[in-house]
Amino acid sequence: MPAFNNLQLTTERLHLRPLRMSDAPALFGIFSDARIMTYWSTPPWTTMETATNLVERDLKALPAGEYLSFGIVRSADQQLLGTCSLFRFVEQCRRAEIGYGLAYDTWGNGYMHEALTALVDYGFAALNLNRIEADIDPRNTASARSLERLGFQREGFLRERWFVDGVVSDSALYGLLLSDWSVRK
Ligand SMILES: CC(C)(COP(=O)(O)OP(=O)(O)OC[C@H]1O[C@@H](n2cnc3c(N)ncnc32)[C@H](O)[C@@H]1OP(=O)(O)O)[C@@H](O)C(=O)NCCC(=O)NCCS
């Protein structure tokens, strides 16, 4: 995949851009909140180092095109609202996985729908993907609604796929095809 470190997308209310080290405190504030980490693949963050490590990882991986990850910034006040990403690219099969998380006090405003619409569109139009998939906890109804609002279909159910902090959970698998997206557009 191409280098993503200079990539930015703009929507009506948002600016999607790579994370910077100066985002670490805001990032920590978002992902240390247990309310958004209930169905995440890790426990809530407990140290700022987790945030700085993630930004450091992005600063290396984005220029190499290993994955695409954006900080979601509200244009009106420059507040970091969350992140969204495309990762696990399989270029031969033109597919990738999608992930996203939004600060709890900003839920219910359509921000993630706006961000994911731009991200998915970029994935299909610019990266030539044919399929985007998501692996979510079947109990994560807010996330399922986000996916279904974009046209993702629930395609599978995998039992006891995750252990987080010793607690096991299942996966619901969702998929969105280029042909689904083209019809919706
Ligand atoms: C998944 C998650 C991002 C969804 O957040 P969200 O606020 O529901 O999503 P959006 O920002 O797209 O907002 C959509 C909601 O805002 C409402 N809304 C208000 N104004 C809107 C607008 N202008 N456009 C679209 N929706 C709008 C919608 O009706 C919808 O509410 P509903 O689902 O109750 O009908 C959030 O719950 C989250 O961060 N969860 C924790 C992290 C996680 O589990 N991530 C997924 C694992 S990969």
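Note that ligands are numbered from 1 as they come in the structure, with each ligand's atoms numbered from 1 the same way.
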Answer side chain, backbone, both or neither: which part of [X] comes under 4.0 Å from ligand 1, heavy atoms only.
{"X": "R149", "answer": "side chain"}
{"X": "W40", "answer": "side chain"}
{"X": "R145", "answer": "side chain"}
{"X": "N140", "answer": "side chain"}
{"X": "S146", "answer": "side chain"}

| task | Looking only at non-hydrogen atoms, find the nearest pair between F124 and L177 and report the distance. | result | CZ-C, 3.7 Å
Considering heavy atoms of the protein only, find what lies nearest to [atom] and give residue, atom and distance to 0.1 Å.
{"atom": "atom 23 (N) of ligand 1", "answer": "N109 O, 3.9 Å"}
{"atom": "atom 24 (N) of ligand 1", "answer": "G110 CA, 3.7 Å"}
{"atom": "atom 39 (O) of ligand 1", "answer": "L102 N, 2.8 Å"}
{"atom": "atom 42 (C) of ligand 1", "answer": "I36 O, 3.5 Å"}
{"atom": "atom 40 (N) of ligand 1", "answer": "W107 CZ2, 3.2 Å"}
{"atom": "atom 12 (O) of ligand 1", "answer": "H113 N, 2.8 Å"}

So with a 6.0 Å cut-off around [atom1] of [X], is the heavy-atom count from everything else above 12?
{"X": "R159", "atom1": "CZ", "value": "no"}
{"X": "F157", "atom1": "CZ", "value": "yes"}
{"X": "E49", "atom1": "CD", "value": "no"}
{"X": "R20", "atom1": "CZ", "value": "no"}

| Could a heavy atom of I136 be found less than 4.0 Å from some atom of ligand 1? | no
| query | Are side-chain N/O atoms of T50 and T47 paired as donor and acceptor at under 3.5 Å? | reply | yes
| request: Decide yes or no on side chain to side chain contact (heavy atoms under 4.5 Å, CB included) for D170 and E160, but give the supporting numbers first. | output: CA-CA 4 Å; D170 302 324; E160 300 192 2; 4.0 Å; yes
| Can a salt bridge be assigned to the pair D23 and R17 using a cut-off of 4.0 Å between side-chain N and carboxylate O? | yes
| request: With heavy atoms of A142 as the reference, note each atom of ligand 1 found under 4.0 Å away. | output: 37 (O)
Proximity winner for [atom], if only heavy atoms of [options] are counted:
{"atom": "atom 45 (N) of ligand 1", "options": "Y39, Y100, F31", "answer": "Y100"}
{"atom": "atom 11 (O) of ligand 1", "options": "R13, M112, M37", "answer": "M112"}
{"atom": "atom 18 (N) of ligand 1", "options": "G101, S41, G108", "answer": "G108"}

| task | Could you tell me the separation between the CD atom of Q153 and the CD atom of E148, rounded to the nearest 0.5 Å? | result | 9.5 Å
| message | Before you tell me yes or no, could you show the steps for D105 and D33 under side chain to side chain contact (heavy atoms under 4.5 Å, CB included), namely the whole-Å CA-CA distance, both residues' side-chain angles and the distance that decides it to 0.1 Å? | response | CA-CA 10 Å; D105 60 3; D33 183 340; over 6 Å; no
| What class does the angle between the rings of W40 and F31 fall in, given that below 30° is parallel, 30 to 60° is tilted and above 60° is perpendicular? | tilted
| task | Indicate whether atom 37 (O) of ligand 1 is within a distance of less than 4.0 angstrom of some protein heavy atom. | result | yes
